[in-house]
Amino acid sequence: MQRTLTIIKPDGVKKNLIGEVISRFERQGLRIAALKKIKLSKDGAKGFYIVHRERPFYESLTDFMSEGPVVVMVIEGENAISKVRDIMGATNPADAAPGTIRRDFAENVERNIVHGSDKPESAAFEIPYFFSQIEIL
């Protein structure tokens with residue numbers, strides 16, 4: 001059993017895709033262990049994406065992630081990280097496989113509907129950024 005963090009980004013929330021995104025994960029045998037809708041502050045987004053602080057897209061990414069509500073989730077299942085990433089599709093929707101969330105709904109590489117932890121070490125940082133152990137069922 002593996003856990004990963006997934007975020008439905010402000011564009012996904014604005015497009016009313018919360019249920020669609022969750023159902024795509026659940027249909028693939030994954031389970032939602034924790035879920036909440038929040039509004040990230042700019043500082044909160046910067047803290048979450050601190051790993052990208054030296055990248056040229058850091059400011060625009062953190063602006064975007066703090067512009068509206070997001071849905072944060074802990075998803076669990078066997079090989080959850082790779083399964084979630086397969087369901088999401090490539091970061092750039094133009095490169096994403098047909099039938100993936102990003103291919104079906106994303107506008108561009110930044111406004112790409114969802115975030116998912118890319119490896120166990122990322123999930124170990126990202127999950128407790130949003131959830132305490134008591135919130136994960």
Side-chain angles (χ1 to χ4, degrees):
M1 188 68 63
Q2 186 178 59
R3 287 183 173 159
T4 187
L5 183 94
T6 302
I7 302 174
I8 303 174
K9 296 179 179 182
D11 56 334
V13 172
K14 187 175 182 179
K15 291 179 180 181
N16 293 317
L17 294 173
I18 297 168
E20 175 65 26
V21 169
I22 291 170
S23 69
R24 287 186 184 212
F25 294 133
E26 289 182 328
R27 284 195 305 259
Q28 295 302 314
L30 296 165
R31 190 178 85 77
I32 308 302
L35 179 143
K36 57 185 160 184
K37 187 178 188 180
I38 62 170
K39 169 97 169 53
L40 279 171
S41 66
K42 175 72 169 182
D43 286 342
K46 283 184 167 191
F48 180 73
Y49 284 108
I50 194 74
V51 67
H52 296 306
R53 71 185 169 276
E54 301 300 324
R55 309 289 285 276
F57 58 81
Y58 181 66
E59 285 300 320
S60 65
L61 174 61
T62 56
D63 283 343
F64 164 57
M65 289 300 291
S66 59
E67 77 180 23
V70 298
V71 174
V72 292
M73 298 177 277
V74 177
I75 297 179
E76 67 181 15
E78 196 162 323
N79 300 311
I81 293 171
S82 62
K83 278 187 179 177
V84 164
R85 294 192 67 77
D86 287 346
I87 295 164
M88 291 188 319
T91 302
N92 184 342
D95 299 332
T100 61
I101 293 167
R102 288 175 172 156
R103 178 67 172 263
D104 290 348
F105 304 111
E107 293 173 34
N108 56 50
V109 71
E110 189 170 277
R111 293 180 177 272
N112 62 7
I113 307 295
V114 286
H115 164 90
S117 304
D118 62 345
K119 57 188 174 222
E121 297 80 13
S122 299
F125 167 78
E126 294 177 353
I127 291 170
Y129 194 85
F130 294 108
F131 296 96
S132 68
Q133 279 301 315
I134 199 167
E135 295 176 295
I136 303 172
L137 307 173

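- Legend: residues meeting ring-ring contact (aromatic ring centres under 6.0 Å, His included) with Phe131, ordered by chain and number and at least two apart, are absent.
- For residues 3-36, the set of pairs meeting the ring-ring contact (aromatic ring centres under 6.0 Å, His included) definition, not counting sequence neighbours, is empty.
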Inset, instruction - Evaluate the criterion side chain to side chain contact (heavy atoms under 4.5 Å, CB included) for residue pair Asp63 and Lys42; output intermediate values, then yes/no. - result: CA-CA 6 Å; Asp63 283 343; Lys42 175 72 169 182; 2.4 Å; yes
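- Listed here is the closest heavy atom pair of Glu110 and Ser60: OE1-OG, 2.7 Å.
- Pairs passing the ring-ring contact (aromatic ring centres under 6.0 Å, His included) check and including a residue from residues 64-107, sequence neighbours excluded, do not occur.
- Checked against salt bridge (charged side-chain N to carboxylate O under 4.0 Å, His left out), Lys15 has the following partners two or more places apart in sequence or in another chain: Glu107.
- Met73 is connected to Ile18 through a chain of hydrophobic side-chain contacts under 4.5 Å among Ile, Leu, Val, Met, Phe, Trp and Tyr, so both are in one cluster.
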Inset, instruction - Check the pair Asp43, Phe48 against side chain to side chain contact (heavy atoms under 4.5 Å, CB included), reporting the backbone distance first and the verdict last. - result: CA-CA 9 Å; Asp43 286 342; Phe48 180 73; over 6 Å; no
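- Leu35 is not listed as a side-chain neighbour of Val72, based on a closest heavy-atom distance of 4.5 Å or more.
- For residues 125-137, every residue pair satisfying the salt bridge (Lys or Arg N to Asp or Glu O under 4.0 Å) rule, not counting sequence neighbours, is listed here: Lys36-Glu135.
- Taking Tyr58 as the reference, Lys46, Tyr49, Ile50, His52, Arg53, Thr62 meet the side-chain contact (heavy atoms from CB on, under 4.5 Å) condition, with sequence neighbours excluded.
- With contacts defined as side-chain heavy-atom distances shorter than 4.5 Å, the pair Arg27/Ser23 qualifies.
- Between Pro93 and Val109 the shortest heavy-atom distance is CD-N, 3.8 Å.
- The two residues Ala96 and Ala90 make their nearest non-hydrogen contact at CB-N, 3.6 Å.
- Between Arg24 and Asp104 there is a side-chain heavy-atom pair separated by less than 4.5 Å.
- Annotation: side-chain contact (heavy atoms from CB on, under 4.5 Å) contacts of Asp86 (sequence neighbours excluded): none.
- Legend: residues meeting salt bridge (charged side-chain N to carboxylate O under 4.0 Å, His left out) with Asp95, ordered by chain and number and at least two apart, are absent.
- For Asp118, there are no salt bridge (charged side-chain N to carboxylate O under 4.0 Å, His left out) partners, not counting sequence neighbours.
- In this structure Ala80 satisfies the side-chain contact (heavy atoms from CB on, under 4.5 Å) test together with Gln2, Thr4, Leu30, sequence neighbours excluded.
- Residues Ile8 and Lys37 form no side-chain contact, since every pair of their non-hydrogen atoms from C-beta on lies 4.5 Å or further apart.
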Inset, instruction - Apply side chain to side chain contact (heavy atoms under 4.5 Å, CB included) to Ile32 and Ile22, showing your working. - result: CA-CA 8 Å; Ile32 308 302; Ile22 291 170; 4.1 Å; yes
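- The stretch residues 1-12 participates, sequence neighbours left out, in these salt bridge (Lys or Arg N to Asp or Glu O under 4.0 Å) pairs: Arg3-Glu76.
- Contacts of Lys83 classified as salt bridge (charged side-chain N to carboxylate O under 4.0 Å, His left out), with partners at least two apart in sequence or in another chain: none.
- Between Ile38 and Val70 there is a side-chain heavy-atom pair separated by less than 4.5 Å.
- The two residues Pro69 and Lys39 make their nearest non-hydrogen contact at N-CD, 4.0 Å.
- Of the candidates Thr91, Leu61, Ile7, Ile7 is the only one forming a side chain to side chain contact (heavy atoms under 4.5 Å, CB included) with His115.
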Inset, instruction - Apply side chain to side chain contact (heavy atoms under 4.5 Å, CB included) to the pair Met88 and Thr100, showing each step before the final yes or no. - result: CA-CA 5 Å; Met88 291 188 319; Thr100 61; over 6 Å; no
